[in-house]
Amino acid sequence: MPGTGPKTPTAHQPGPRFTPSPPIRRSPLRGQLPALAVIALGGALGACARYGASLLWPTGHGTFPWTTLLVNAVGCAVIGVFMVVITEGVSAHRLVRPFFGTGVLGGFTTFSTYAVDTQRLLTRGQIGVALGYLTGTAVAALVSVWTAAALTRRFLDWREARCD
């Protein structure tokens, strides 16, 4: 007779031997740890380089923070070269960009010190110098990254034309 025999297990009614396992929960960081590690390592190296620059060219108390302005402009120029090279010039390992771009150059450039320097100038009543520094650093950073990227593109185009 139909319906009198043993029931076949279905997805909705597991059989006697079926025990569902709990879903596997994976960390949202899974796969991101290598990138986080190289960013941290690069950031430490970049911060050490920035600190070295501040030791080589210290800014005197109450003077214009030339070292910070120079570090930020140079760092932005290197970012311009680096981004063009890895996006248009050569293929790089997937961790090169987070290591060097985010880590090293992020640690080297110091826009937090830029903000603190501006605040100190304002606190001392050097409003004109603070506004000049605020504007000058932003302009220097943008001009540096744009100029370096443009020159790097021209160089890569020249090199490619030369090899053809």
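The structure displayed is predicted, hence computed values, not measured ones. Excluded from the calculations below are hydrogen atoms, water molecules and symmetry mates; all remaining heavy atoms, backbone and side chain alike, are included.
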Looking at CG of D117 and OG1 of T67, how far apart are the two atoms once the value is rounded to the nearest 0.5 Å? 9.5 Å
Would you say that more than 12 heavy atoms from the other residues, nucleotides or ligands in this model lie under 6.0 Å from the CZ of R124, or not? yes
How far does CZ of R50 sit from CG of L105, to the nearest 0.5 angstrom? 12.0 Å
Spell out, yes or no, whether L70 and I79 are grouped together once hydrophobic residues are joined by side-chain heavy atoms under 4.5 Å, including indirect joins. yes
In Å and rounded to the nearest 0.5 Å, what is the CZ to OG1 distance from R120 to T59? 10.0 Å
Is it true that a side-chain atom of T147 and a backbone atom of V143 form a donor plus acceptor pair closer than 3.5 Å? yes
Please determine, by modelled atom types, if N72 and T109 share a side-chain donor-acceptor pair under 3.5 angstrom. no
Is the W66 ring parallel, tilted or perpendicular to the F64 ring (thresholds 30°, 60°)? tilted
Just how far is it from atom CG of L95 to atom OG1 of T102, taken to the nearest 0.5 Å? 11.0 Å
To which residues is W57 joined in a hydrophobic cluster, defined by side-chain heavy-atom contacts under 4.5 Å among Ile, Leu, Val, Met, Phe, Trp and Tyr, whether direct or through other members? L56
Spacing of OG1 belonging to T87 relative to CZ belonging to F82, to within rounding of 0.5 Å: 9.5 Å
Nearest-0.5 Å distance that lies between atom CG in L156 and atom CZ in R153: 9.0 Å
Is L151 linked to V145 within one hydrophobic cluster, defined over Ile, Leu, Val, Met, Phe, Trp and Tyr using a side-chain heavy-atom separation of less than 4.5 Å? no
Are V81 and F108 linked, directly or through intermediate hydrophobic residues, by side-chain heavy-atom contacts shorter than 4.5 Å (ILVMFWY only)? no
Side-chain donor/acceptor of Y114 to backbone N/O of L134, under 3.5 Å: yes
Using the rule that two of Ile, Leu, Val, Met, Phe, Trp, Tyr join whenever any of their side-chain heavy atoms come within less than 4.5 Å, decide whether V84 and F100 are in one cluster. no
Hydrophobic clusters here meaning ILVMFWY residues chained together by side-chain heavy-atom distances under 4.5 Å, can you tell me if V74 and Y133 are in one? no
